[in-house]
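Sequence lines set the chain letters: A, B, ... in the order given, protein chains first and strands last, and positions in each chain run from 1. As a basis for the values below, the full set of heavy atoms in this structure was taken, side chains included, without hydrogen atoms, waters or symmetry mates. It should be emphasised that the depicted structure is a prediction, and the values quoted were computed from it without experimental measurement.
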Amino acid sequence: MSNAHLKPAVAALSGAALAVSAGGAVAAWEVNMPQGVTEISRTVYDLHMLIFWICVVIGIVVFGAMFYSIVKHRKSKGHQAAQFHESTTVEVLWTLVPFLILVGMAIPATKTLIAMEDTSNADMTIKVTGYQWKWHYDYMDEGIGFFSNLATSRAAIENRAEKGEHYLLDVDNPIVVPVNKKIRFLVTANDVIHAFWVPDLAMKKDAIPGFVNELWTRIDEPGVYRGQCAELCGKDHGFMPIVVVAMEEPKYLDWVAEQKAAREAEMLASDQEWGKSDLMARGEKIYNTNCAACHQANGEGMGSVFPAIKGSAVATGSIQGHIDLVMNGVQGTAMAAYGPQLGDVDLAAVLTYQRNAFGNDTGDVIQPTDIKAAR
Amino acid sequence: MSAVISETHHDEHPSGIKRWLFTTNHKDIGTLYLLFALLMFFVGGAMALVIRAELFEPGLQMVEPQFFNSMTTMHALVMIFGVVMPAFTGLANWLIPMMVGATDMALPRMNNWSFWILPFAFTMLLSTLFMDGGGPAGGWTMYPPLMLQTGDAFPFVIFAIHLMGISSIMGSINVIATILNMRAPGMNLMKMPLFVWTWLITAYLLIATMPVLAGAVTMLLTDKYFGTSFFNAAGGGDPVMFQHIFWFFGHPEVYILILPAFGIASSIIPTFARKPLFGYASMVYATASIAFLSFIVWAHHMFTVGMPLAGELFFMLTTMMIAVPTGVKVFNWVATMWKGSMTFETPMLFALGFVIMFTIGGFSGLMLAIAPVDFQYHDTYFVVAHFHYVLVPGAVFSIIAAVYYWLPKWTGHMYNETLGKWHFWLSTIFVNLTFFPMHFVGLAGMPRRIPDYALQFADFNAIATIGAFGFGFAQLLFAYLVFQTIRGGEKASDQVWEGAHGLEWTLSSPPPYHSFTTAPEVK
Amino acid sequence: MAHAEGQYYIPHGSHWPLVGSVGLTTLLVGFASWLNGAEFGQLLMLAGVVITLVMMFGWFGTVVRESQSGIYNAQVDLSFRWGMFWFIFSEVMFFAAFFGALFYARQYSVPWLGGEGDGAMTNSVLWPSFEAAWPTAGPGEVGGEFEIMGAWGIPALNTAILLTSGATLTWAHHALKEDKRGQLALGLLVTVLLGVIFLGFQAYEYGHAYSDLNLKLSSGIYGSTFFMLTGFHGLHVTIGAIMLAIMLIRVLKGHFTSKNHFAFEAAAWYWHFVDVVWLGLFIFVYWL
Ligand code: HEA
Ligand code: HEA
Ligand code: CUA
Ligand SMILES: [Cu+2]
């Protein structure tokens, strides 16, 4: 934190109330809610500002009266205390007036809420599943599905490397969607509760294991919209961002075609014989995105809870045992079943990597076909 | 009914450690509660400082994310169950018998037990930080399934909460029995000081909700160890069911943390305005309405869980309603000051700070109540800003105000007014520096409960951290002042404050060991 | 120590509360350690139970002695009444949490899982073959298939037993007020015996559920709510029966007068509360 950074911030704070009101003008300071890129998000923003201003006005009236009295009705100025202590009229008045103000707020709020909850007539559906600590997206109509992991490096997080522009808000595989389509999201979770939230789209829903929640959006402008998991989900809750890339429909269709082609290629690859160095290279990547959060990039694990892979009896023991453990996980621990999460090639690669990296020089090579056989 | 105590009692003056361990005296027990709360404030505050230090700048610097989460969890549990609730109970112990004209609390032995469970409960809770797998890290709300991933700490946390619940329930039973049964002749319900009224209703809330929390955490325990499926969809349960049960407790709980504060403000403001409290009866009704409403708004903490539309609407509308009775209170305080003859000693300063900053927190609460917009606010620092405004310059300021206000009565000594004013201004400046920027980062999209954040939140987080350390150190001044006053100082008169009214001011400063050995006349 | 009539009795310092804290903490730390797999856990629990029992004997014994010596006036008596009343209220709320879980599961979570209301996608995406019904072990059939306990067998009998015990207790109370000590003791004895019979039936029922019906604590949400509700109720019946048994002993020792017998009444209130909870259980757990 440089000093140059701080000063303007202090200045902004001293003008705090002003800053909020001038929302747009000082957007660089990010002191207000984004207006977003959907009709709903703008309605929500307007509602937010409406209530904010009502509170400001009430605040000015109440605190105004209070400060007036603090200044004028003080003993040091010789003010004598009056002795009145009730007045039915004003008491009824200041019960009724706030009530009416609240009714005035409730009407637009109710309308907005009803519109937000209407997920019918969607053009497409994407299933979103929260995992500790990544998201999985399933394009239900296209048969495309993939995981989306944090793309910020461990080094940047641990202050060993420069923090880029989208520090913590970057992923390897974003959700790609077309603009001007009503997109329905089916939100659920695999392990604990997560929450799917993209501020620019003004939507947030909890992802609850065993239940499916619905929400929808219709994005107006092409662009990249970033959000984060918004429900505490364990150790790396702060490290599971969401990135939505909205594009014109033709481009989106190209993307879909590309994804399908990649899938085909992957299918073919899993039937092939892979070379050890290819597996190791791919395995390292898979390991770092999927396993390093717990077992650490150097394979040494963390404390007694997250065991080391380096020299692990499992990773240097029987191949079958190793495959079983990783594919099925360990019940009642944070070690999830990776069989359903990773493809044959990826599993083969990460297993090969674990058996040969960190000085686990077993020399074993596990082929995608071995995984397929184990399924 | 008269409340007289035989002279023989006064001969018995227990001393040494046994006095404190075995005491059945409401003043001793009140002191124990207050000192315990002070100690825990520094413990919970130190945890807050760990949180703030980690959040000073982006990146992971000081602590592991898992430990960060357990700091957040423990900070909240300690502050709520170990600071604000015991402090209020301590005040209740000291003040209620003196205010209603009683000798002591109704059930003195149980009173001792209510207190002496707490140190055990908190030792148990704090010890979990050193266990295999670390302390609880699922947030103070303990949502399953995440909470079920806790290591060895798990059952200890659950049982610590059971113990705290037992303590609160016994404490509350005592308060209710005292208020209903120990009033001096003539002290009818509508003559009771508002602090007594607010505590009566608070005690009711506690007895109604703590057992529900106990039930909720018991279900967590059986889900983890005994194969039940309360919160497991595969077995026909629902993780969200826990949230409903928890918040059925949790929302009344937040009013438990504020109603006595309302009572304190209602005692202090008339004294320093030298004018009777405006709208006494409406204050009582407003308190009761808030308590009633608090039972039917709980799901405003869960707008994003995917409730049916009708549920969201219901909880939004009922929540908004709470602004009405709360507004009545704020207006009454302003009307009490209006055309008064005000002076601004430290208790009054804290009470005024309370009114203003609590109201700011109330406003953000109202914004949160608007369900469609809460989708944006929920689980961001905007919520953190909201509840710290109502809890720190709200509940904690009220407690500090109460201590300054009644300390001369309790100890017989006047505190150092200059230092008191310093304490107020430092606290007020720093508390705003800490929590106001949290509104901004929250709106701009910073989620809560994260150890690291995106770069655009950096500046305001740095400010908040500076504020937190400043605020923390200002509280060392408070501790110093309190102990200085206990040990000596200018002699306080019986009435202490020119404008003070009420039975407690008719007793000597410090008051006799047994408050009213002969029941006072109340006109 | 002399206490004239009309004075509110304030006891001196007492070590029993502290002993109680130590006892409870020992018990709970033991339990927690045991759950974590530590062998000394059970021993610690046992020690905790012993300390807690010693505390209860000591504390209640003191109260009984004080009461018998006549230093409690009417106002003290009223404090005890308020205390007991609010304690029972807290117990009501404890049960409310579990009843709440039962209603929530039946009204909301199970129907949603079955696709009702907002749950259409939950059902078709996650649990396609699940049909909502009650009783259920959930879409994952947690704990396997089970049969349930019919309402009109032992449970109905148990309802009759508890209701009768409520009546015999009231009879005993009337006898006490009219100073008929023989009827009083008999009434109490019958009440305690009915309580014990109730517990016996319940124990049998549990055995039957576990060994013949495959109905277990782990049988999904049905098993969870069934055993937690009836289990906590059974625990309360046990406590109530012990309280009444102690009242019986005190009656035999000649305690209580027709005017002054709050301890008896407290135990009776408690028993009636347990009775009412059972009616709720019978209706919502067994019958409907
Ligand atoms: C002392 C504690 C306290 C108090 C008093 C309050 C008071 C209120 N709270 Fe707050 N709240 C908390 C403690 C408290 N809260 C905590 C701890 C959490 C977070 C828990 C967690 O998740 O960890 C929380 C969270 C929370 C949420 C959930 C946010 C989320 O997670 O998304 C909501 C939503 O409705 C809410 C609303 C309110 C409202 C409407 C009030 C009202 O009572 C406020 C009423 C007061 C006023 C409105 C101001 C004065 C009134 C006037 C001057 C009258 C005129 C005004 C108008 C007509 C506008 N609170
Ligand atoms: C009454 C309740 C209460 C009080 C008083 C406070 C007081 C404070 N709280 Fe907290 N807080 C909560 C209740 C409370 N809080 C709750 C309920 C949560 C939600 C938890 C959750 O998400 O589950 C929360 C969460 C919370 C967070 C969010 C954490 C996260 O989401 O990850 C933060 C972050 O800044 C924070 C900060 C603070 C600070 C700076 C104070 C300060 O006011 C504290 C000031 C006091 C001190 C600083 C002590 C002074 C001591 C010293 C200066 C000396 C140090 C002494 C030694 C080392 C011996 N609190
Ligand atoms: Cu996933 Cu937080
Ligand atoms: Cu609430």
Distance, nearest 0.5 Å, that separates [atom1] of [X] from [atom2] of [Y]:
| X | Y | atom1 | atom2 | result |
| --- | --- | --- | --- | --- |
| B:Trp116 | C:His15 | CH2 | NE2 | 15.0 Å |
| B:Arg109 | C:His12 | CZ | NE2 | 10.5 Å |
| B:Leu213 | C:Met93 | CG | CE | 12.0 Å |
| B:Asn232 | C:Ser224 | CG | OG | 8.5 Å |
| B:Met241 | C:Phe103 | CE | CZ | 12.5 Å |
| B:Phe231 | C:Ile221 | CZ | CD1 | 8.0 Å |

Minimal non-hydrogen separation, [X] against [Y], with atom names:
| X | Y | value |
| --- | --- | --- |
| B:Gly236 | C:Ser109 | O-OG, 3.0 Å |
| B:Pro308 | C:Asp118 | CA-OD2, 3.3 Å |
| C:Ser79 | B:Met182 | OG-SD, 4.2 Å |
| B:Phe156 | C:Ser33 | CZ-OG, 3.9 Å |
| C:Ser14 | B:Thr24 | N-CG2, 4.4 Å |
| B:Phe230 | C:Thr225 | CE2-CG2, 3.8 Å |

Region of [X] that comes under 4.5 Å of a non-hydrogen atom in chain C:
| X | value |
| --- | --- |
| B:Phe248 | side chain |
| B:Met210 | neither |
| B:Ile166 | side chain |
| B:Thr178 | neither |
| B:Ile245 | side chain |
| B:Phe226 | both |
| B:Leu163 | side chain |

Could you check which of [options] has the highest count of heavy-atom pairs closer than 4.5 Å to chain C?
| options | result |
| --- | --- |
| B:Leu118, B:Asn174, B:Ile176 | B:Ile176 |
| B:Leu21, B:Thr123, B:Leu180 | B:Leu180 |
| B:Ala160, B:Ala121, B:Gly215, B:Gly151 | B:Gly215 |
| B:Gly306, B:Gly165, B:Ser229, B:Gly227 | B:Ser229 |
| B:Thr218, B:Asp132, B:Thr23 | B:Thr218 |

Output the option from [options] having the highest count of non-hydrogen pairs under 4.5 Å with chain B.
| options | value |
| --- | --- |
| C:Gly220, C:Ser21, C:Ala97 | C:Ser21 |
| C:Phe80, C:Tyr104, C:Phe94 | C:Tyr104 |
| C:Leu35, C:Leu18, C:Val22 | C:Leu35 |
| C:Asn36, C:Leu113, C:Val142 | C:Asn36 |

Given a strict heavy-atom distance threshold of 4.5 Å, which part of [X] is in contact with chain B: side chain, backbone, both, or neither?
| X | value |
| --- | --- |
| C:Phe87 | both |
| C:Ala101 | both |
| C:Phe227 | neither |

Q: Determine yes or no for a side-chain-to-main-chain donor-acceptor pair under 3.5 angstrom, with B:Asn181 supplying the side chain and C:Trp82 the backbone.
A: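 A pair under 3.5 Å: no.
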
Q: Would you confirm whether C:Tyr8, through its side chain, and B:Ala106, through its main-chain N or O, come within 3.5 Å as a donor-acceptor pair?
A: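 Judged by distance alone, yes, a pair lies under 3.5 Å.
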
Any heavy-atom pair between the side chains of [Y] and [X] that's under 4.5 Å?
| X | Y | answer |
| --- | --- | --- |
| B:Met124 | C:Thr25 | yes |
| C:Leu24 | B:Phe120 | no |
| C:Met84 | B:Ile173 | no |

Q) Taking atom types as modelled, is there a side-chain donor on B:Asp238 or C:Tyr108 under 3.5 Å from an acceptor on the other? A) no

**Q.** Any donor-acceptor N or O pair under 3.5 Å, side chains B:Ser172, C:Trp86
**A.**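 No, no side-chain donor-acceptor contact under 3.5 Å.
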
Q.
Between C:Trp59 and B:Trp113 (judged by ring centroids, cut-off 6.0 Å), do the two rings come close enough to count as a pair?
A.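 C:Trp59 vs B:Trp113: aromatic centres under 6.0 Å.
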
Q.
Just checking C:Met56: does its CE atom have more than 12 heavy atoms from other residues, nucleotides or ligands closer to it than 6.0 angstrom?
A.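 No, not enclosed.
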
